[in-house]
Amino acid sequence: MSASNFKGKVVALSGGVGGAKLAQGLAQCLAPEQLLIVANTGDDFEHLGLTISPDLDSVMYALAGINDSQRGWGLAGESWQAMAALERLRGETWFRLGDRDLATHLQRSQLLRQGRSLTEATAALCRALGIGPQLIPMSDDPVRTLVATAAGELAFQHYFVREQCEPAVTGFRFDGIERSTPNPLWLQWLADPELAAVIICPSNPFVSVDPMLQLPGVRQALRDCPAPLIAVSPIVAGAAIKGPAAKMMAELKLPCSAHSVAEHYGELLDGFVLDEADAELIPSIASDSLAVTAAASVMRDADSKRALAQRVLDFATALA
């Protein structure tokens with residue numbers, strides 16, 4: 001099936017690097033008006049007086065084709081003179097912001113200070129970068145992921161970057177989530193009769209996807225939406241392609257497998273995509289209410305991103 005004959009709209013839920021790759025593939029397969037990408041903002045934080053939105057930026061840079069594919073985050077061709085100067089001044093440099101990346105955070109923070117919402121600020125940045133599909137934050141209200149560890153509770157970026165994911169994880173809390181409202185545009189697309197698929201990109205289920213799913217009203221909106229909900233596993237052959245998902249599973253006493261990912265999302269799912277390396281798990285995961293398929297899910301280049309996106313879209317068509 002080619003991009004031109006996929007009918008309907010698609011909502012993709014994305015965390016950072018892994019989600020951004022599939023979002024990039026979907027953007028190659030769909031017309032801009034067919035695709036809405038909702039990014040996790042539980043990772044957002046204030047740093048050096050700036051509002052930092054790591055997952056939004058990972059997706060935005062990927063869609064613009066300016067991300068650093070080798071490092072997995074930030075911008076290609078980055079330099080670090082501001083961080084070097086800050087270090088000389090004995091400032092905080094544990095969260096490294098490249099010189100070009102700083103411009104994004106400066107502009108976002110300025111727009112927010114002018115009274116723009118995070119949705120409006122993100123749209124302005126995307127327009128400036130020539131991005132076609134709509135990219136929105138999960139909410140304009142602040143939600144902050146806190147990681148419970150044996151050493152106490154840590155803000156997500158302190159756990160992920162400053163502590164390099166070393167403390168053992170015992171749980172998660174999303175501060176402010178009960179007071180937050182899902183992005184109205186997201187809910188509008190979920191209720192659209194033209195919606196043909198909701199895709200959970202291969203992102204960390206606990207800290208990238210759960211903040212989105214736990215926003216008030218989201219689970220019910222997903223149950224009520226007319227389209228199949230499909231998740232792509234971020235776990236391949238017992239390992240995470242990127243990030244601490246596998247380590248978190250082990251510390252939470254969960255088997256590190258695609259099976260655990262499917263169980264985590266549970267009855268929300270209509271379809272589940274795992275890697276070909278895990279195809280033997282299909283009989284143990286599939287049920288009358290859950291269709292499971294295998295695909296080449298490790299995305300190393302533009303062709304593999306597009307191929308996986310097309311495979312997921314074909315799966316959505318079959319489920320519909």
Side-chain angles (χ1 to χ4, degrees), residues 10-28 30-69 71-80 82-83 95-145 156-157 161 180-186 188-189 201 203 208 211-212 305:
V10 174
V11 171
L13 309 185
S14 178
V17 178
K21 288 181 178 182
L22 185 55
Q24 202 174 5
L26 290 166
Q28 294 179 65
L30 298 165
E33 63 272 13
Q34 287 180 282
L35 179 59
L36 177 73
I37 303 159
V38 185
N40 167 50
T41 55
D43 295 6
D44 290 17
F45 75 129
E46 301 294 319
H47 185 60
L48 303 176
L50 302 173
T51 299
I52 315 293
S53 297
D55 287 356
L56 273 171
D57 290 345
S58 289
V59 178
M60 183 172 69
Y61 293 159
L63 292 173
I66 56 177
N67 60 309
D68 188 325
S69 58
R71 198 169 58 235
W73 54 271
L75 287 158
E78 190 59 276
S79 57
W80 307 93
M83 287 294 103
F95 192 90
R96 290 176 61 74
L97 298 170
D99 299 328
R100 296 172 63 221
D101 187 38
L102 269 169
T104 298
H105 310 308
L106 287 166
Q107 180 67 353
R108 176 190 293 113
S109 301
Q110 175 73 355
L111 292 169
L112 294 173
R113 279 193 296 270
Q114 291 172 354
R116 308 279 189 94
S117 67
L118 184 57
T119 297
E120 292 168 335
T122 302
L125 294 171
C126 288
R127 281 195 302 272
L129 292 174
I131 292 168
Q134 290 189 83
L135 169 64
I136 63 171
M138 66 184 196
S139 176
D140 283 322
D141 302 315
V143 175
R144 298 296 178 255
T145 297
F156 180 77
Q157 296 301 338
V161 180
S180 299
T181 301
N183 197 305
L185 186 59
W186 180 14
Q188 180 183 323
W189 273 59
C201 294
S203 300
S208 294
M212 293 187 270
K305 292 169 191 173

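The chain is numbered in sequence order, starting from 1. Nothing here was measured: the structure is a model prediction, and the numbers come from that model.
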J.: I need the full list of side chain to side chain donor-acceptor pair (under 3.5 Å) pairs touching residues 122-134, with sequence neighbours left out, sorted by first then second residue.
T.: none
J.: Show the numbers, then the answer: is there a side-chain contact (heavy atoms from CB on, under 4.5 Å) between Trp186 and Met138?
T.: CA-CA 8 Å; Trp186 180 14; Met138 66 184 196; 4.1 Å; yes
J.: Where do Val38 and Leu135 land on the side-chain contact (heavy atoms from CB on, under 4.5 Å) test, with the steps shown first?
T.: CA-CA 6 Å; Val38 185; Leu135 169 64; over 6 Å; no
J.: Got a second to check how far Gln110's CD is from His105's NE2, nearest 0.5 Å?
T.: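 It comes to 15.5 Å.
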J.: Using atom types as modelled and distance alone, determine if a side-chain donor or acceptor of Ser109 lies under 3.5 Å from a backbone N or O of Thr51.
T.: yes
J.: For the pair Asp68 and Glu78, evaluate side-chain contact (heavy atoms from CB on, under 4.5 Å) and give the outcome as yes or no after the intermediate values.
T.: CA-CA 8 Å; Asp68 188 325; Glu78 190 59 276; 5.7 Å; no
J.: Closest heavy-atom contact between Arg144 and Thr41?
T.: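 That closest heavy-atom pairing would be NH1-O, 3.6 Å.
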J.: For Gly15 versus Asn40, what's the shortest heavy-atom pair and its separation?
T.: CA-CB, 4.5 Å
J.: What is the distance from atom CG of Leu13 to atom SG of Cys201, rounded to the nearest 0.5 Å?
T.: 7.0 Å
J.: Find the distance between CG (Leu102) and CG (Leu48) and round it off to the nearest 0.5 Å.
T.: 8.0 Å
J.: Whether the Thr119 and Asp140 side chains hold a donor-acceptor pair (N or O, under 3.5 Å, no angle test) is what I'd like checked.
T.: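 Side chains of Thr119 and Asp140: pair found under 3.5 Å.
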J.: Assess whether side-chain contact (heavy atoms from CB on, under 4.5 Å) is satisfied between Leu36 and Val10, documenting all intermediate values.
T.: CA-CA 6 Å; Leu36 177 73; Val10 174; over 6 Å; no
J.: Please confirm whether the backbone N or O of Ser117 pairs with a side-chain atom of Glu120, one donor and one acceptor, at under 3.5 Å?
T.: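 Yes; judged by distance alone, with no hydrogens or angles, the pair exists.
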J.: Side chains of Tyr61 and Asp101: closer than 4.5 Å at any heavy-atom pair?
T.: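 Touching, per the 4.5 Å side-chain cut-off.
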J.: Could you tell me the separation between the NZ atom of Lys21 and the CG atom of Leu26, rounded to the nearest 0.5 Å?
T.: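 Answer for the NZ-CG pair, Lys21 versus Leu26, is 14.5 Å.
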J.: For the atom pair OG (Ser139) and CE (Met212), what is the distance rounded to the nearest 0.5 Å?
T.: 12.0 Å
J.: Tell me, which pairs form a ring-ring contact (aromatic ring centres under 6.0 Å, His included) where one or both residues lie in residues 37-60, sequence neighbours left out?
T.: Phe45-His47, Phe45-Phe95, His47-Trp94, His47-Phe95
J.: Which pairs pass salt bridge (Lys or Arg N to Asp or Glu O under 4.0 Å) with one or both residues in residues 36-65, sequence neighbours excluded?
T.: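 Qualifying pairs: Asp57-Arg108.
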